[in-house]
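Please read the structure below before turning to the comments.
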Amino acid sequence: MTRVVLILFIMAVIAAVVLGAALVFRASRARKPVLEDPREILKRRYAAGEIDEDEYLRRMSGLSQDW
């Protein structure tokens, strides 16, 4: 009887460690910022009226140049 309890306890500890590691790994991946495409930001700002057409075209042209 004691062996069964000991084996179940060890299995529970191993399961807890694996589950904890999986949660930490998932949380660390979720914190990475997603970088937006600069063209999409410009499109959104132009659509919202934050920048005018000349500014939009100038900045888009600068983004399309190969450096």
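Hydrogens, waters and symmetry mates play no part in the numbers below; they use all other heavy atoms, side chains included.
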Audit row: E55, R45, salt bridge (Lys or Arg N to Asp or Glu O under 4.0 Å) steps and yes/no: CA-CA 10 Å; E55 183 72 10; R45 290 186 65 198; over 6 Å; no
With rounding to the nearest 0.5 Å, note down the distance linking [atom1] in [X] to [atom2] in [Y].
{"X": "I41", "Y": "E50", "atom1": "CD1", "atom2": "CD", "value": "11.0 Å"}
{"X": "E36", "Y": "L42", "atom1": "CD", "atom2": "CG", "value": "11.0 Å"}
{"X": "L63", "Y": "R58", "atom1": "CG", "atom2": "CZ", "value": "10.5 Å"}

Under the side chain to side chain contact (heavy atoms under 4.5 Å, CB included) rule, what do K43 and M60 come out as? Steps first, then yes or no, please. CA-CA 9 Å; K43 287 177 187 177; M60 276 299 229; 4.1 Å; yes
Between R26 (side chain) and A21 (backbone), is there a donor-acceptor pair under 3.5 Å?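 The answer is no, because no donor-acceptor pair under 3.5 Å joins these two groups.
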Suppose we screen for side-chain contact (heavy atoms from CB on, under 4.5 Å). Which residues come up paired with I10, at least two apart in sequence or across chains?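 In terms of side-chain contact (heavy atoms from CB on, under 4.5 Å), with neighbours along the sequence ignored, I10 is linked to L6, I14.
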